[in-house]
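Before any comments, here is the structure.
Protein chains get the first letters and strands the later ones, always in sequence-line order, with residue 1 at the start of each. Model, not experiment: these values are computed from the prediction.
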Amino acid sequence: MGLETVFGHSYLTTRLDEAVNWGRKYSFFQYPFVTACCGMEFMSVWASTYDIARFGAEYPRFSPRQADVLFVVGTVNEKLAPVLKRVYDQMCEPKWVVSFGVCATSGGFYDNYATVQGIDKIIPVDIYIPGCPPRPEAVLDALVKLQEKVARESVLDRKYK
Amino acid sequence: MNSYLLGTFRAKFPDATLETHAFRGDETVTIKKEALALAAAWLRDDLGFDFLMDLTAVDYLPREPRFELVCHLYSSKHNYRLRLKCPVGAEDPQVDSLTGVWSGANWFEREVYDMFGLKFRGHPDLRRILMYDGFEGYPLRKDYPLKKRQPRIAHRD
């Protein structure tokens, strides 16, 4: 942001961190990269019963350039891997990645010629959600964990290019 | 075991028919691969099999002939089904394309080519359909290593 490069780690930047992180963690714009059946479960998180809007993350952006969090929901195969990488590269900093479900996390039971054995082979991942598919509660738990993680960050940590 | 359909087929192609059988009403004909396109055209035009429901293959390694092409035919006019098989050897894995008979064979044959490496003579566009360009080998062949991984490809527009 400019200011922090002048002041470094000081009272001013920690206050700034707090304000910025508070804004960031309650207003995630997410990019749902939905490839498989997990997407059906993912949708229920939006619906009224679980209502992800309570956490400020209900707004999906279908352009990676406007998104903060990349939700990789479902199996990613070798043919799709370069597309996922491209989507991630297009997102602006600061950005986070959530791996939704066991297939995105480790390939799941698709231990075969076609499937990427975990998206962390391609892009860095912040939060992993286990399950096949995960319960909506698990997704909300992951979201809260991501918020906690964002709250711990400093504006000095990220390298803005 | 002897149905009208199988009897008619044998009478029409006495030399090309390798084997016929019926199990619980499922009729199967195994023919030589040289006669495949001819038999397919006859089945469509004279017997009314207007719908190619499925076309796939099986790898019977180490048997020789190694592969077997399997077509499932359906006649919407007679509400009748027939399974048409044809063995394909490993040294010359080529058969005639059925795209001229049923245009729906196009993507099925591309899939069989992609997964088993069988080539279809006369196919208008024989490319891989599921795997990406640059993938080496044929993953559904029995001798494709189970844990084999190939280098990741770069993004292409």
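Inspection of non-hydrogen atoms places no residue of residues 33-58 of chain B under 4.5 Å from chain A. Applying a 4.5 Å heavy-atom cutoff, the residues of residues 93-130 of chain B that approach chain A are Met115(B), Ile129(B), Leu130(B).
Annotation for Lys145(A): atom NZ does not count as buried by contact number, only 12 or fewer foreign heavy atoms lying within 6.0 Å. Within 6.0 Å of the CD atom in Glu91(B), the count of heavy atoms belonging to other residues, nucleotides or ligands exceeds 12. Residue Lys77(B) qualifies as open at atom NZ: its count of foreign heavy atoms under 6.0 Å is 12 or below. In this structure, Tyr144(B) places its OH atom where more than 12 heavy-atom neighbours from other residues, nucleotides or ligands lie under 6.0 Å away.
Following chains of ILVMFWY side-chain contacts shorter than 4.5 Å, one can reach Met91(A) starting from Val72(A), so the two form part of one hydrophobic cluster. The cluster map of Ile, Leu, Val, Met, Phe, Trp and Tyr, joined by side-chain heavy atoms under 4.5 Å apart, puts Phe33(A) and Val97(A) in the same cluster. In the hydrophobic clustering of ILVMFWY residues, with side-chain heavy atoms under 4.5 Å counting as a link, Tyr138(B) and Val88(B) come out together. When the side chains of ILVMFWY residues are joined at heavy-atom separations under 4.5 Å, either directly or via intervening members, Val70(B) and Tyr60(B) end up in a single hydrophobic cluster. Grouping the Ile, Leu, Val, Met, Phe, Trp and Tyr side chains by contacts below 4.5 angstrom, directly or via other members, places Phe71(A) with Trp46(A).
Contact count against chain B (heavy-atom pairs under 4.5 Å) is highest for Asp111(A) among Ile122(A), Asp111(A), Val83(A). Considering only heavy-atom pairs separated by less than 4.5 Å from chain A, the leading option among Arg152(B), Lys147(B), Met131(B) is Arg152(B).
The contact between Lys121(A) and chain B is made by backbone and side chain atoms together, counting heavy-atom distances below 4.5 Å.
Side-chain atoms of Arg149(B) do not come within 3.5 Å of backbone N or O of Ala114(A) as any donor-acceptor pair.
The OH atom of Tyr132(B) lies 12.0 Å from the CG atom of Leu80(A); values are rounded to the nearest 0.5 Å. Separation of atoms CD (Glu78(A)) and CZ (Phe135(B)) is listed at 8.5 Å; rounding is to 0.5 Å.
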